[in-house]
Structures are given as C-alpha cells and as structure tokens.
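Beneath this line is the structure, given in structure tokens, with notes to follow.
Every chain is numbered from 1 and lettered A, B, ... according to where its sequence line falls, protein lines coming before strand lines.
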2 protein chains.
Amino acid sequence: MAAPHKTVPKPEPGEERLEFLADLVGYHLRRASIRDMQGMSAALESLSLRAVPLSVLLMIVENPGISAADICRAIGLKRANIVSILAELEQRGLFLREADPNDNRVQKLFPTRTGKELTAEALERLKDHEDHLLCALSGSERAELRRLLMKVWQGDEGD
Amino acid sequence: MAAPHKTVPKPEPGEERLEFLADLVGYHLRRASIRDMQGMSAALESLSLRAVPLSVLLMIVENPGISAADICRAIGLKRANIVSILAELEQRGLFLREADPNDNRVQKLFPTRTGKELTAEALERLKDHEDHLLCALSGSERAELRRLLMKVWQGDEGD
DNA sequence: TATTGTTATACTCTATAACTATA
DNA sequence: TATAGTTATAGAGTATAACAATA
C-alpha cells in the first residue's frame, strides 16, 4: 500500500513537500497552538509569569480558598509539580496559605491584592495577545473556531 | 479594570470556576492540541515512533535527497536537536546518508524501503487517529476548522 | 486504607554556545 | 564571513516513588 515516491524535481528552498501533514487538521492545530503559546510567553514575559504559574494563580483568584490538590485536578498538574510553582508565587506575595479548620491536611489558598492585580494585568495582556493571534478572523469566525475546538477536546467525554 | 472577585459559594469538586480561560479561543486551542498529541502518541507507540521523529522521516520520504538543515528549517527544529533523531532513524535502517557532490558539507538523506513502509503505516494510523479526534465534527466542519486554523498560524506571515 | 503536601529523581523536549570542515 | 553537521550543556515541563501528617 506504500505510495510510489518518485524522486522530487528539486524544490526551491522553503518549498519542501508536506502533502500528508498539510492534509491533517492535527497539523494545523499544532502549528496554531505553537504560535499561540509563543505569543502567550511573550505577552507575559515582562510580568515574570509563564502559562502554568498564571493558570495556578488564576485558579486561586477565581476560587479563593481552593486547595493545591484541587488546583492540580482542575488543570491537570501532578501534585508534586505544583510545589515549586506555589513557592515562587508565595514568595512574590501573590497569595497566602491558611490552615483549613475542617481538615488539617489541607491549606486553603487566598489571593492577595497584589496577586489579584497582577492577574488582572496578565489577563488583559492575554486578551490583547488573542486579538493579535486571531486578527485574520472575523468575529463570527472566532466564535465558530471556538465552538469547533470545544467539540474536538470534549469529544473524549463520551469515551 | 480588575473585575471584583467576590468569595465563591463553595463549588462542587471538579466544578471550579474557569470563566476567563473558557472565554479564550487559545484555551480551547491548547486543550484540543493536547488531546491530539496524546492520541498521536498512542497511535504511534507500537511503531516506536514519536511525533517529531516521524515528521523528520516523513520529510525524507517526501523529499528524497533533502539535507538535515533543510528539514530543520521546514519543521522548526534546532539543528542541534535533529542529530540524535537522525542517529536513531539511521540505526533502525529507515534512511541512508549520501555525500552531496556539489557541497561536501551537506549529507543528502534518502529513505530506504523499510523507511517508506514504516512511514506509510504511521500515516495510516495518524489518519485513523484524526478520524477519532474529529468524530464529533461533520465533513464540512472539519474543512472549516482546518481553514480557520491555517489562518491562525499563518497570520504571522505578514508581520 | 486514602489523601495532602512535600522531597527527590528522572526523562523528554527545547535552547544556546562552541567546535570542525567546508564554502 | 557564513553554513552544515556535531557535541556538550542547560533549562523547562512532566513523570513516578516515597515519606510524614492527617483523615
């Protein structure tokens, strides 16, 4: 079933054949996601925040009193890997830990004012980044893209 | 502009608030891409191929005689990082190196029959994986998704 | 026994700097 | 000088195993 690959007549530089990959939606999904992540990194760089620490901080801001284990479950982090992330966010004064009166194993995490302000600033920059990322798309195209992407990643719910 | 975050009335486990992230197309782009990559890894696992080595091999199969540097430019790899990938593919007998008579610095890379057969098998599995990934989408929705994703990652061409 | 927070560790992927040989 | 292939190395990100305290 192997397609017969005849010798290629020397493509111009930068014009290599990519037939199969270009056919796959997954290929374009990956390239778009890479561009998104690079833009996110650039947008957050001057705030000394990367994507995962920001999502941790955002979880604390949107869910005051949440525990580290719950954050890990919500965003798919291993418990071991959130420790250093929390240590740095705490050292920067972005949240506080408080003992849970109902369960002495858990620490309840609360954002500080500084943490909430930094989060708000970061989210503004993410919005600007997204506007730039999607500048070639109309408003209805953006909505359609989001709708289709949700169907893609939620497709494993019925598995 | 910081949205006032009132204390949350204790969400059920697994129901943490994710308002802002869920609004971003980039969030759904990332989750869809993660599901795609996990499915790809699973689909290729029994062939002992991962995504990047496969794309390198595919470049050789589709562009016989291509150089390592040209592969790197085409798929965004650093030259240093293709060395071990090529070493393993070569050890498995999937391609051969040949001196370039026009430039003694470059090695021209040619797929072996085994390399072409393994690539064909891998591409079949990728196709099956993609069908599963997109099973919630109609044919026209898949075409529309690909079109929109191309506009997203190609949006940096005019920068 | 199960869970929380934690340490230690390892593996993958990616990034940079420097070398050599050729052009 | 610029490029091809290479080596060494460092940094993220992510993975598992094990521990003490608590439920």
When you measure from the side chain of B/Thr112 to the backbone N and O of B/Leu94, does any donor-acceptor pair fall under 3.5 Å?
yes
Taking only residues at least two apart or on different chains, which pairs with a member in residues 36-55 of chain A satisfy side chain to side chain donor-acceptor pair (under 3.5 Å)?
A/Asp36-A/His129, A/Ser46-A/Arg125
So the side chain to side chain donor-acceptor pair (under 3.5 Å) pairs with at least one residue in residues 81-92 of chain A (sequence neighbours excluded) are A/Glu90-A/Arg97
With A/Glu98, which residues qualify under salt bridge (charged side-chain N to carboxylate O under 4.0 Å, His left out), at least two apart?
none
Which residues in residues 40-47 of chain B have a heavy atom closer than 4.0 Å to any atom of DNA chain D?
none
Table please: side-chain donor-acceptor pairs of residues 72-79 of chain B below 3.5 Å, with sequence neighbours left out.
from: B/Arg73; atom 1: NH2; to: B/Asp70; atom 2: OD1; distance (Å): 2.7

Residues 23-32 of chain B vs side chain to side chain donor-acceptor pair (under 3.5 Å), sequence neighbours excluded, gives A/Trp153-B/His28, B/Tyr27-B/Arg31
Within residues 90-107 of chain B, those residues having any heavy atom closer than 4.0 Å to DNA chain C are B/Asp103, B/Asn104, B/Arg105
Base-contact (B) and sugar-phosphate-only (S) positions in nucleotides 13-20 of chain D, heavy-atom cut-off under 4.0 Å, - elsewhere
SBBBB---
Going 5' to 3' on DNA chain C, which nucleotide is the first and which the last to come under 4.0 Å of a heavy atom in chain B?
C/dT12 to C/dA23
What's the spacing between B/Leu148 CG and B/Leu29 CG if we round to 0.5 Å?
11.5 Å
Checking B/Arg142 now: which residues fulfil salt bridge (charged side-chain N to carboxylate O under 4.0 Å, His left out) with it, not counting sequence neighbours?
B/Asp131
Can you list the residues that meet the salt bridge (charged side-chain N to carboxylate O under 4.0 Å, His left out) rule with A/Asp100, with sequence neighbours excluded?
none
Would you compute the distance between atom CZ of A/Phe110 and atom NZ of A/Lys116 and round it to the nearest 0.5 angstrom?
11.0 Å
According to side chain to side chain contact (heavy atoms under 4.5 Å, CB included), who are the partners of B/Thr119, at least two apart in sequence or on a separate chain?
B/Leu57, B/Leu58, B/Val61, B/Leu123
Do A/Leu49 and A/Leu89 come within less than 4.5 Å of each other through their side chains, counting heavy atoms only?
yes
